[in-house]
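A short worksheet on the structure shown next.
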Amino acid sequence: MDVLLWIIVAVALGVAEIFTTTLFLLMFSAGALAAAAAAGLGASVPVQGGVFVVVSALTLAAVRPALRRHLGSRNVVGMGTATMQGAAAVVVEHVDTEHGMVRIDGELWQARALEGFGTYVPGERVRIVDVSDGTVLVWRDDLPGISDTEN
């Protein structure tokens, strides 16, 4: 019966950790699983409690800091077309408010000029303002060091 109780406590703490994401309750969940193992081996209730406290304290002191360092060191990489905003491009085909083509990091994209910002000729450098329905909206920008061969 004690084993089932400790497993329920471990699962409850694990589920609660999902909502807090602090890696704090997860360590107590590990302690509860260790206490369940002790109960399964026939340990008395005071010994089960001691196993719970010791394992929880050890995981808090040793495992949690290492996990936080490991999980916190990941670089977040942007995804999708939103990461293109502000990027440089070179006009490949005449761009106006209706149509055109630009090269962005070696890829060709359909492009349109922002309303009221004129037209752009091949070789001109532009900056991406937005991406909508697979078409980039661009405007003129003086970007030093960018040439047609770099994009």
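What's counted below: heavy atoms across the whole structure, side chains too, no hydrogens, waters or symmetry copies.
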[X] vs [Y] side-chain heavy atoms within contact, under 4.5 Å:
X      : Y      : result
Asp2   : Gln48  : yes
Val136 : Ile128 : yes
His94  : Thr119 : yes

Rounded to the nearest 0.5 Å, how far apart are [atom1] of [X] and [atom2] of [Y]?
X      : Y      : atom1 : atom2 : result
Ile18  : Leu13  : CD1   : CG    : 11.5 Å
His99  : Thr135 : NE2   : OG1   : 12.0 Å
Arg112 : Glu98  : CZ    : CD    : 8.0 Å
Asp96  : Tyr120 : CG    : OH    : 10.5 Å
Leu60  : Phe24  : CG    : CZ    : 5.5 Å
Glu17  : Leu23  : CD    : CG    : 5.5 Å

In one Ile/Leu/Val/Met/Phe/Trp/Tyr side-chain cluster, 4.5 Å: [X], [Y]:
X      : Y      : answer
Val129 : Val131 : yes
Val91  : Trp139 : yes
Leu33  : Val3   : no
Phe19  : Val11  : yes
Val63  : Val53  : yes

Of all the heavy-atom pairs spanning [X] and [Y], show the shortest one and how long it is.
X     : Y      : value
Val95 : Ala113 : CG1-N, 3.6 Å
Ala88 : Ile104 : O-CG2, 4.0 Å
Gly31 : Val55  : CA-CG1, 3.7 Å

- Message: Exactly one of Val138, Leu137, Thr97, Asp130 should register a side-chain contact (heavy atoms from CB on, under 4.5 Å) with Leu114. Which one does?
- Response: Leu137
- Query: Between Glu124 and Val121, is there a donor-acceptor pair closer than 3.5 Å when you use the side chain of the first and the backbone of the second?
  - Reply: yes
- Query: If only atom types and distance count, is the side chain of Thr59 paired as donor or acceptor with the main-chain N or O of Ser56 below 3.5 Å?
  - Reply: yes
- Please check if the distance between the ring centroids of Trp6 and Phe52 is under 6.0 Å. yes
- Query: side chain to side chain contact (heavy atoms under 4.5 Å, CB included) between Val126 and Val90: does it pass, once the steps are laid out?
  - Reply: CA-CA 6 Å; Val126 293; Val90 175; over 6 Å; no
